[in-house]
Amino acid sequence: MTLHQRVLSFVVAAAVITVLVTTTVVFHLGADQLKQEQQQQASVLSQTLAEAVPAVLEQSDEQRLAQLTSQFIGMPQVSGIIIEPMLSGERQIWASDLPATHVPNWFVTATGLTVNTTSVSVSNGWTQLAKLTMTFDPHQDIAELWQQLMRLVSWLLAASVVVVFTASFMFRRVTAPLGELSQRLMSLGHGDFHPTRVTTSVSDLSTLQHAFNLAGQQVARVQQSQQDELSRLRDKLMVDPVSRLPNRGYFQHQLQSFVKDEIGCTLMLLEADWLSRLRARYGYQYRDQCWRLLGEALNQDGLANTHQVVARLSHNEVAILLITDEEKTVRRYLRQLLRMINQELENISLPVNQGFHLGIAQTRTDETVSLMAKADNALQHAKRHQEVYFWPTDEQVDSRTREQWRHLLLNALQQNPLALYAQPVRHRDNQYNWHQEVYAHLWVDDNWLSAGQLLNRIEMYALGEEFDKHVLTRVDAYLKATPQSDKLAVNLTVESVQSRTFHDWLGHFLLKTYLAGKLAFEVSEKAVHADPQACKSLFGLIRTQGFEVGVDHFGRNMDNVDYIKNVEPDYVKLDIGFGQQLSDVDDVFIRMLVNIAAAREIVVIATGIEQSEQHQYFHQLGCQGYQGYILPPIRLDSGEQP
C-alpha cells in the first residue's frame, strides 16, 4: 500500500468514526432531552387543564369546554383528552387530528420513548367534579429528532467527502515530482524556504524529505533571527532608554549619510536647561518622566512628518535633522517646535520661552564635520544673548513660493541640458567596473544644483517623474552615442516608483532601447519602505526586459531589512554613513547587513570609500564591490553650462 493510500484510508476511517460518534452523541443527548421534556409537559399541561376545567363544568357550558380542550389537543405532544364528569357520568373524548409522520420502528424503539397517559382529579376545592385523562404521544418529537439526525448525517457525510478529496489533493501536491526538489534546494540557497512537494513511495523519499524540511526550517529560523536581531540591536545600541529617542551614535550616522549625499539639510540643536533644574529639584525619576513626555511630543504627527530624525545627544540636549533647506518649511517647523516646547513647559507649570535655547544651521554643500559646529555655535550665541533661538541665515529668506520654485525647476528641466556625471562601482577583486552610477546636475539661477540638492528639491516639488524621464532620455542618447561605455545605473525617485503612469512609460521606453546590458536601475531604501508593492511591481517590470535592479542606502535606518525578500534586488549598496569613521557599533550593523544579503546571494556594494584601508575592511567582510571618492565621479558628456 502506498503512502497516499495509507493516508487516504486513515482520513476515510477518521471521517467515518467522526460521523458515527457525533451522530451517536447527538442521538443520546436528544433522546434524553425528549424524555425530560415529555415528563415536564405531562405534568404541566394536565395540571393546567385541570385548573381551567372546573369553572366550565359548573356552568355546563359544552361550547367553552370544547374550545378549551381544542387549545390543548392542538399541541403536537397531546394525542388525546378524556373528561369523565362525576355527576352525569358521560365521558367526553377528544383525539388529535395531526397527520402522522413516518419514522422507522427501530429508531422509535431506540429512543426509549413511549405513549404516556396522565390522570388527574378535577375539583372546585371541596367537591370532585370529574376525572381528567391526557395521553401524550412523543411520535412528533421523535420524528423531528429523526429529521435533525438525517440532516446532521448528510452534512457530516458531505464534509467528510470534502475532507477526503481535499486531503487527497493536498497530499498529491505535497508529493509532487522529485525533480522539484532541486528547485527547492536552489531556492533555499537564496534564502527562500518552501517545504518539498515531491511524490514517491515512503521508503524512497521520507528520510530525504524530512532532512530537507528540517534543514530548510533551520535556515529560515536563522534568517528570521538575523532580521529580529538587527531590530533588537538598533533598540539596544541606538536608542536612548529614558526618552526612547535615537542616541548620538544613530544621529551621527544619519547626519553623515544625508550630508555626504550632498542633500540640503537643516540641523537644530535644542538645549533644555529646564530638565536639569527639574532633576535638581525633584530628582532623576521626575526628570526622566519629563524626558519621556518630551520624546513623545517630538514624535507627534505634526513634527514627525517633517523631520528625518530627532535624537538625544546628552543629558539635556536634543538634535533635530530636517532633510530640507527650504526656508519656509524650516520656519513652519520651527513654529510648531516652539509651540510644542512651550506646551510642555505649561504642562509642568514653568514659564514659556524660558529654560531652553535653539541653535539652527543649514548646509547646501558637503559639510559633514562643520554642520554640527555651526549649529553648536548658533546655540551658544542664543545662550549668550538670552535668545530663544538663533538662526544665522534668518535674514536670507527666499521670497519664492513653493509653486514658483516648482515652475522654475520645471522650466530648467525643459530648457537647460542636464550635466551627467558618473561614479564607478568597481569589483573588489579586479580593476573592472561593475557599473557607473549616474548623477545629474541642473543649471538653475545661474548656478549648478548638485545631485543631492537637485533631488531634494525634485522630491519636494513633486517633479520626480519629469526628472527621471529627462535623465533616462539623456542616458539613452549617451549610451547609443558611446556604445563602448560601461553599464550605467540610474537612481529612480520615490514619486516614479509609486506612479503607475511612470511604470507604463518605462515599460515602453525599455522595449525600444535595447540596452539591457548597458543600463541598470536603483531605488532608495526609502522608496521601498514607502510602497513595497509598487517597488516589487516596478522591479518585476524591469527584470522582464532583462535589466538589473538594486537598492541604494541599504540599512540606512539600521532596522529590519526583510523587504529584500519581497523585492529581490540583484545588488544592494550599503548606506554611505557606514563608510565613514567606523566604530564597533557600525561594525556590528555592517556585518549583520552583509550576512543578511549574502544569505540570499545578493551582491553587496560598499559606498563612501575614500581610503584603501576602508576598501580592505569591506573586502574582508564579503562586499563584492565598492564605490566612493577613492574613484571620483567623472563627467559623461562634454557639455558646458548654459
Side-chain angles (χ1 to χ4, degrees), residues 412-443 448 450-451 454-455 458 464-493 496-497 502-524 538-552 568-573 602-607 609 624-642:
L413 284 173
Q414 294 171 347
Q415 298 174 11
N416 302 331
L418 293 168
L420 296 183
Y421 291 81
Q423 188 172 48
V425 176
R426 187 156 293 175
H427 196 283
R428 69 178 183 183
D429 296 325
N430 53 51
Q431 297 303 310
Y432 294 103
N433 290 339
W434 215 305
H435 60 242
Q436 297 187 74
E437 184 175 351
V438 174
Y439 299 94
H441 293 199
L442 181 64
W443 186 257
W448 285 107
S450 66
L454 179 57
L455 286 174
I458 288 294
E465 286 188 64
E466 291 289 334
F467 176 71
D468 286 340
K469 290 176 182 178
H470 278 78
V471 171
L472 286 171
T473 302
R474 287 290 309 279
V475 168
D476 178 44
Y478 172 79
L479 288 174
K480 290 177 178 177
T482 55
Q484 74 282 2
S485 170
D486 292 328
K487 179 188 292 187
L488 299 181
V490 177
N491 233 309
L492 299 178
T493 62
S496 295
V497 172
F502 180 80
H503 290 200
D504 295 337
W505 179 89
L506 184 61
H508 293 299
F509 173 81
L510 296 180
L511 280 174
K512 63 183 182 180
T513 58
Y514 305 104
L515 295 173
K518 288 290 187 178
L519 192 59
F521 293 88
E522 299 175 5
V523 300
S524 66
L538 179 63
F539 276 20
L541 168 69
I542 295 172
R543 275 206 194 88
T544 302
Q545 304 297 331
F547 295 82
E548 286 188 343
V549 290
V551 173
D552 200 6
E568 297 179 342
D570 297 299
Y571 62 90
V572 293
K573 291 183 175 179
I602 298 173
V603 172
V604 181
I605 297 172
T607 62
I609 306 302
Q624 293 94 326
Y626 63 98
Q627 173 185 8
Y629 276 89
I630 194 173
L631 303 168
I634 58 174
R635 179 74 179 263
L636 288 182
D637 48 18
S638 58
E640 300 296 332
Q641 69 184 46

Practice task
On the 0 to 90° scale, with breaks at 30° and 60°, tag the His441-Tyr421 ring pair as parallel, tilted or perpendicular.
Solution key: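 The arrangement is tilted - the two ring planes meet at 30° to 60°.
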Problem - Verdict with reasoning, Trp443 to Leu418, per side chain to side chain contact (heavy atoms under 4.5 Å, CB included) - result: CA-CA 7 Å; Trp443 186 257; Leu418 293 168; over 6 Å; no
Exercise for the section: Give, for atom CG of Leu472 and atom CG of Leu510, the distance between the pair rounded to the nearest 0.5 Å. Expected result: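 Rounded to the nearest 0.5 Å, the CG-CG separation comes out at 8.0 Å.
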Exercise for the section: List the steps, then state whether side chain to side chain contact (heavy atoms under 4.5 Å, CB included) holds for Ile605 with Gln624. Expected result: CA-CA 6 Å; Ile605 297 172; Gln624 293 94 326; over 6 Å; no
Handout entry: For Tyr626, the option from Leu631, Val425, Val604 that meets side-chain contact (heavy atoms from CB on, under 4.5 Å)
Key =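 For Tyr626, the side-chain contact (heavy atoms from CB on, under 4.5 Å) test succeeds with only one of Leu631, Val425, Val604, which is Leu631.
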Handout entry: Where Leu420 and Ala440 come nearest, the two heavy atoms and their spacing
Key = CD2-CB, 4.1 Å
Problem - Of Glu437, His435, Gln436, the residue whose pairing with Gln627 passes side-chain hydrogen bond (donor to acceptor under 3.5 Å, both in side chains) - result: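 Of the listed residues Glu437, His435, Gln436, the side-chain hydrogen bond (donor to acceptor under 3.5 Å, both in side chains) partner of Gln627 is Glu437.
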Exercise for the section: For residues Thr544 and Gly540, report the shortest heavy-atom separation together with the two atoms involved. Expected result: OG1-O, 2.6 Å
Exercise for the section: Side-chain contact test, heavy atoms from C-beta onward, threshold under 4.5 Å: evaluate it for Val549 versus Leu538 and give yes or no. Expected result: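 No, side chains not in contact.
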Practice task
Compute whether any side-chain donor of one residue and acceptor of the other, for Ser496 and Asp468, lie under 3.5 angstrom apart.
Solution key: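 Yes, Asp468 and Ser496 have a side-chain donor paired with an acceptor closer than 3.5 Å.
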Handout entry: Minimal non-hydrogen separation, Pro424 against Pro632, with atom names
Key = CD-O, 3.8 Å
Handout entry: side chain to side chain contact (heavy atoms under 4.5 Å, CB included) evaluation trace for Phe521 with Asp570
Key = CA-CA 10 Å; Phe521 293 88; Asp570 297 299; over 6 Å; no
Exercise for the section: Would you give the length of the straight line joining atom CG of Asp476 to atom CG of Leu519, rounded to the nearest 0.5 angstrom? Expected result: 8.0 Å
Problem - Spacing of Ile542 atom CD1 and Phe547 atom CZ [to the nearest 0.5 Å] - result: 9.0 Å
Practice task
Decide yes or no for Phe467 and Leu455: does some side-chain heavy atom of the first lie under 4.5 Å from some side-chain heavy atom of the second?
Solution key: yes
Handout entry: Nearest-0.5 Å distance that lies between atom CD in Gln423 and atom OH in Tyr439
Key =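 Output value for this atom pair is 4.5 Å.
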Handout entry: Shortest non-hydrogen separation from Thr493 to Gly464 and the atoms involved
Key = OG1-CA, 3.3 Å
Exercise for the section: Report the C-alpha distance between Val603 and Val572 in whole Å, list the side-chain angles of each, state the deciding distance to 0.1 Å, and finish with yes or no for side chain to side chain contact (heavy atoms under 4.5 Å, CB included). Expected result: CA-CA 6 Å; Val603 172; Val572 293; over 6 Å; no
Practice task
Work out which heavy atom in Leu479 is nearest to a heavy atom in Asp486; give both atom names and the distance.
Solution key: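 Heavy-atom minimum between the residues: CD2-O, 4.1 Å.
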Exercise for the section: Kindly give the heavy-atom pair with the smallest separation between Phe539 and Gly550, and that separation in Å. Expected result: CZ-O, 3.7 Å
Handout entry: Spacing of OH belonging to Tyr571 relative to CD belonging to Glu522, to within rounding of 0.5 Å
Key = 3.5 Å
Practice task
Starting at OG1 of Thr513, measure out to NZ of Lys518 and round the result to the nearest 0.5 Å.
Solution key: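 That separation rounds to 13.0 Å.
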